[in-house]
Engineer: 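Handing you this structure, nothing more for now.
Keep in mind it's a predicted model, so treat the numbers as computed, not measured.
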Amino acid sequence: MCYVIVVGITHQQCSSCSDPSSSFDVNQYGGVADGKTDNSKAFIAAWNEACKNNGGGVVIFKKGTYLVNPLMIEGSACKGPMEVQIQGTLLASKEYQYSVGIDHWILFRYVANLVISGGGTLDGQGASSWPYNDCIKNKQCKALPGSLKFDFANNTKIENITSLNSKNTHINCFACRDVIFNNIHITAPGDSPNTVGIKIGESSNIQIHDSVIATGDDCLAFLPDSRNISVTRIHCGPGHGISLGSISSKSITGLSVMNSSLVGTQNGVRIKTKSPSQPGSVSNVTFQHIQMDKVDNPIVIDQQYCPGSGCTAPKTSEIQITDVKYIDIWGTSNTETAVSFKCSENKPCTKIELRDINLKYSGGRPANDSCLNAKGVASGKENPKSCLQS
């Protein structure tokens with residue numbers, strides 16, 4: 001496994017965590033690995049003791065199955081770097097009171113210098129809650145809990161864990177800085193609703209590497225005020241692809257997706273903005289060295305994005321999309337339109353670059369592309385032939 005560290009991000013390790021006195025076994029705080037007993041209080045008790053330890057500490061879930069009801073963990077008072085080592089399986093509850101009307105399962109807030117690792121699994125048991133997901137039709141729908149949520153996390157690493165069947169988003173980062181995701185395995189059925197793999201919003205200096213995501217929504221979703229993000233060696237599918245947005249205001253800038261593959265997804269790499277919208281921008285984005293295998297819509301910009309029902313007639317988006325590069329993207333499209341740029345009339349897309357694009361229609365006929373208010377240049381291989389305006 002290859003780990004790429006961007007200059008400027010440093011991750012302080014827990015220097016005392018190899019010391020047995022700095023290890024806090026959940027089982028020693030009342031934890032029971034029987035898959036039936038609620039371990040949320042034991043988790044919090046072990047965390048609080050580790051947090052008070054000078055020099056940091058590691059909370060350990062040994063092998064076994066631990067039922068954990070929804071909880072929130074805060075780290076602002078911790079006296080050193082922290083680690084949560086999940087060797088076994090954390091199991092979410094199927095009970096209605098813990099599955100509907102709450103937005104998180106395990107929430108970390110105000111943490112810094114945190115590592116989550118161990119090779120274990122977070123099993124959201126989402127099938128028990130997916131029938132309650134009616135948000136596409138019901139604006140008053142109740143929230144369903146995402147599995148692992150980070151609010152205001154800094155200098156954090158999540159590695160070598162599996163997220164299985166989340167009730168909602170698998171992993172969510174809000175207002176995070178300097179976070180690395182490595183070797184994450186995310187799995188949910190292709191028809192599971194709103195099970196986004198990793199969602200990033202209002203966050204910066206984020207790295208996502210060497211991970212496999214198979215889910216029922218976007219494999220990766222980047223929301224407004226995301227910036228300086230590096231994605232490499234991601235395998236996505238099934239799912240809705242890799243998405244920037246949807247965006248109705250603010251900006252996304254400085255994002256690269258490289259050396260990745262998408263198989264059997266609804267979309268490949270997609271930028272979506274709502275219409276109408278407030279002013280905002282998407283800029284300095286690169287998609288490079290990406291394989292598409294039977295992807296419905298490999299390359300998409302959609303500035304008339306309107307999910308669900310109740311949409312009015314198309315209006316103009318005020319989001320400016322500029323300086324977006326698509327380089328060395330190849331494979332097969334399940335639809336004839338392999339490249340679709342539907343840009344804003346008021347804010348046409350500018351500085352779009354297509355270089356060495358080779359996408360074939362799986363139905364045997366030549367692939368085509370579609371451009372609306374899209375300006376840029378194409379070079380190298382052009383399959384399909386570019387329709388960008390110069």
Side-chain angles (χ1 to χ4, degrees), residues 1-6 9 11 61 68 82-92 104-108 111 114-126 145-151 153-174 176-190 192 194-201 203 205-223 226 229-243 255-263 265 290:
M1 190 65 66
C2 175
Y3 299 112
V4 179
I5 308 298
V6 172
I9 299 180
H11 286 263
F61 285 91
V68 178
M82 296 288 291
E83 181 174 353
V84 177
Q85 193 175 106
I86 303 169
Q87 300 172 5
T89 296
L90 305 190
L91 193 67
H104 67 271
W105 172 23
I106 299 172
L107 168 61
F108 290 89
V111 293
L114 170 67
V115 174
I116 297 179
S117 64
T121 297
L122 288 84
D123 185 349
Q125 300 207 94
S147 285
L148 190 57
K149 194 168 188 285
F150 300 91
D151 289 349
N154 296 324
N155 206 35
T156 291
K157 179 185 281 188
I158 302 95
E159 62 181 354
N160 304 325
I161 63 167
T162 294
S163 178
L164 177 66
N165 293 332
S166 177
K167 293 177 172 69
N168 202 287
T169 297
H170 286 262
I171 302 174
N172 192 339
C173 254
F174 172 76
C176 298
R177 304 288 181 269
D178 302 325
V179 176
I180 295 176
F181 297 91
N182 265 323
N183 194 27
I184 308 298
H185 288 249
I186 292 174
T187 303
S192 56
N194 299 118
T195 52
V196 173
I198 300 176
K199 181 184 291 184
I200 307 294
S203 298
N205 301 338
I206 308 296
Q207 300 177 52
I208 307 172
H209 303 307
D210 300 299
S211 297
V212 177
I213 303 173
T215 191
D217 206 301
D218 294 331
C219 291
L220 301 174
F222 302 100
L223 302 185
S226 298
I229 295 170
S230 171
V231 176
T232 58
R233 298 179 299 278
I234 301 299
H235 180 84
C236 168
H240 293 183
I242 297 174
S243 291
L255 184 146
S256 69
V257 179
M258 301 181 68
N259 301 318
S260 296
S261 60
L262 297 100
V263 178
T265 53
I290 297 175

Engineer: Quick check: do N165 and P189 have side-chain heavy atoms less than 4.5 Å from each other?
Structural biologist: yes
Engineer: Any chance you could lay out the side chain to side chain contact (heavy atoms under 4.5 Å, CB included) test for M82 and V111, step after step, and finish with the verdict?
Structural biologist: CA-CA 9 Å; M82 296 288 291; V111 293; over 6 Å; no
Engineer: Give, for atom CD1 of I186 and atom CD1 of I234, the distance between the pair rounded to the nearest 0.5 Å.
Structural biologist: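 Answer rounded to 0.5 Å: 9.0 Å.
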Engineer: Where do S166 and P145 come nearest, in terms of heavy atoms and distance?
Structural biologist: OG-O, 4.1 Å
Engineer: Mind checking side chain to side chain donor-acceptor pair (under 3.5 Å) for S260 and listing every partner two or more places apart, or none if nothing turns up?
Structural biologist: none
Engineer: Can you list the residues that meet the side chain to side chain contact (heavy atoms under 4.5 Å, CB included) rule with T265, with sequence neighbours excluded?
Structural biologist: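 Partners of T265 by the side chain to side chain contact (heavy atoms under 4.5 Å, CB included) criterion, ordered by chain and then number, come out as C236, L262, V295.
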Engineer: Only counting residues at least two apart or in another chain, list the ones meeting side chain to side chain contact (heavy atoms under 4.5 Å, CB included) with S117.
Structural biologist: E83, Q85, V115, E159
Engineer: Could you list the residues that satisfy side chain to side chain donor-acceptor pair (under 3.5 Å) with N172, not counting sequence neighbours?
Structural biologist: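 If we apply the side chain to side chain donor-acceptor pair (under 3.5 Å) test to N172, skipping adjacent residues, there are no hits.
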Engineer: Not counting sequence neighbours, which residues clear salt bridge (Lys or Arg N to Asp or Glu O under 4.0 Å) with D218? List them please.
Structural biologist: R270, K272
Engineer: Under the ring pair (Phe, Tyr, Trp, His ring centres under 6.0 Å) test, which residues partner F108, sequence neighbours left out?
Structural biologist: W47, F150
Engineer: Using the side chain to side chain donor-acceptor pair (under 3.5 Å) criterion, which residues pair with S203? Sequence neighbours excluded.
Structural biologist: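 Not a single residue meets the side chain to side chain donor-acceptor pair (under 3.5 Å) criterion with S203.
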Engineer: Taking all heavy atoms of D123 and all of W105, pick out the closest pair and write down the distance.
Structural biologist: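 Looking at all heavy atoms of both residues, the closest pair is O-CH2, 3.6 Å.
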Engineer: Could you report the tightest heavy-atom contact between I184 and N160, atom names first, then the distance?
Structural biologist: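 Where I184 meets N160 most closely, the heavy atoms are CD1-N, 4.3 Å.
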Engineer: Please identify each residue that fulfils salt bridge (Lys or Arg N to Asp or Glu O under 4.0 Å) with K149, with sequence neighbours left out.
Structural biologist: D151
Engineer: Going by side chain to side chain donor-acceptor pair (under 3.5 Å), name the residues that satisfy it together with S226, two or more places apart in sequence or in a different chain.
Structural biologist: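 Expected list: none.
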